[in-house]
Amino acid sequence: MPPKTTTTTPTAGTVDPEPPAAAVAADAHWAATLEKLRNRKLAEKVLRLWDDSELKRAFNDIEARAAEAALLAAADPADKVRRAAAVAAEATLADAVKGADAVTIKLRFRALPGDAFVKLIEEHPPTPEQLDKDSDTEWNPETFPPVLIAAASVDGITEEQAQGFMTTWGHRDRQDLFSAALAPQVDRRGDLGKG
């Protein structure tokens, strides 16, 4: 039987004391939550590179239809027709993903642990000339992208390879590559608000 606790209303200017460590340790819910927090994986982003723009467009259409069907089914869970449409769209998408895996290159990027991302930014500050052009820039747009791409790459892209891609690829592909490496560093995976 857990120990009895009493609730008191804090007075202005006081801080609620931390609960005793033994009570926290005995709380099975908190112990399970803490275990999940410790085992939480770092965020990842996958960049899928297509050589055939028609196949890419068809895949994106299938993906959009599956997302729309899922939203409609979630809006009215009792609607069997919408649920069936969502299941069918999800199956079509699963087949499309298998097909896409055969004709695309997938590059994976992972969030850097701890303060590694901030340290990379500090190591690649914008030059005074770059700040004159864009006072909001946080990093050197010439040196930072290949360093981040290499650091975040799960597939082992080196800095030299990343620099080569950033030099030889087209503008949009370079943006997509850098965005894929940046996304897991800056995307939030939590929601603040009412639980």
Side-chain angles (χ1 to χ4, degrees), residues 29 32-114 116-117 120-121 136 138-139 141 144-158 161-162 164-166 168-195:
H29 171 72
T33 300
L34 192 56
E35 185 65 21
K36 288 178 185 175
L37 289 171
R38 287 184 179 129
N39 293 319
R40 193 164 181 245
K41 294 182 180 180
L42 293 169
E44 286 195 8
K45 171 77 173 172
V46 174
L47 173 63
R48 188 181 291 274
L49 299 170
W50 298 82
D51 284 331
D52 186 321
S53 59
E54 289 302 315
L55 287 176
K56 177 183 179 183
R57 195 173 354 271
F59 179 84
N60 288 343
D61 288 345
I62 291 168
E63 203 172 36
R65 283 196 297 270
E68 181 181 7
L71 281 173
L72 290 172
D76 188 0
D79 188 327
K80 292 179 183 177
V81 173
R82 285 184 177 181
R83 266 195 325 213
V87 168
E90 188 62 35
T92 301
L93 177 59
D95 289 341
V97 167
K98 288 178 192 169
D101 286 345
V103 297
T104 61
I105 299 168
K106 287 183 359 183
L107 299 176
R108 297 171 300 144
F109 299 94
R110 183 175 297 141
L112 302 177
F117 176 64
L120 276 184
I121 292 173
D136 290 335
E138 295 180 57
W139 51 71
F144 182 68
V147 171
L148 178 63
I149 291 164
S153 173
V154 175
D155 304 303
I157 296 173
T158 66
Q161 291 165 335
F165 301 149
M166 296 304 284
T168 60
W169 287 10
H171 178 72
R172 187 65 204 164
D173 287 337
R174 291 192 318 260
Q175 283 184 325
D176 288 348
L177 179 62
F178 177 59
S179 294
L182 182 62
Q185 317 310 322
V186 297
D187 286 353
R188 289 186 177 156
R189 294 193 296 164
D191 293 320
L192 297 174
K194 296 179 182 177

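Residue numbers count from 1 along this sequence. Not measured: the values here are computed from a predicted model.
Side chains of D173 and F178 form no contact here, defined as non-hydrogen atoms less than 4.5 Å apart. Under the 4.5 Å side-chain criterion, counting only non-hydrogen atoms from C-beta, L107 is in contact with I105. Side-chain contact check for L148 versus L182: some heavy-atom pair is nearer than 4.5 Å. Considering only heavy atoms from C-beta on, V103 stays 4.5 Å or farther from D52 through its side chain. The shortest side-chain heavy-atom distance between P184 and K45 falls under the 4.5 Å cut-off. Annotation: side chain of L120 is in contact with side chain of F144 (closest heavy-atom distance under 4.5 Å).
Interatomic distance, CG of D187 versus CD of E44, reported as 13.0 Å (0.5 Å rounding). Note that the NZ atom of K56 and the CD atom of E63 stand 10.5 Å from one another [nearest 0.5 Å].
Taking each heavy atom of I121 and E138 in turn, the nearest pair found is CG2-O, 3.3 Å. Shortest non-hydrogen contact noted between R174 and F165 is CG-O, 3.8 Å.
For A162, the side chain to side chain contact (heavy atoms under 4.5 Å, CB included) partners two or more places apart in sequence, or in a different chain, are P146, I149, I157. In this structure F59 satisfies the ring-ring contact (aromatic ring centres under 6.0 Å, His included) test together with W50, sequence neighbours excluded.
Crowding of E68 atom CD: a count of heavy atoms from other residues, nucleotides or ligands under 6.0 Å not exceeding 12. D155 CG: more than 12 foreign heavy atoms inside a 6.0 Å radius.
Of the listed residues (D101, L47, L49), just one forms a side-chain contact (heavy atoms from CB on, under 4.5 Å) with K106, and that residue is D101.
Ion pairing between a basic and an acidic side chain is recognised when a charged N comes within 4.0 Å of a carboxylate O; D176 and R172 show such pairing.
Side-chain atoms of R110 do not come within 3.5 Å of backbone N or O of A152 as any donor-acceptor pair.
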Taking only distance into account, with no hydrogens and no angle test, what donor-acceptor pairs under 3.5 Å do side-chain atoms of residues 81-97 form with protein atoms, sequence neighbours excluded?
unit_1: R82; atom_1: NH1; unit_2: L72; atom_2: O; d: 3.4
unit_1: R83; atom_1: NH1; unit_2: P77; atom_2: O; d: 3.4
unit_1: T92; atom_1: OG1; unit_2: A88; atom_2: O; d: 3.0

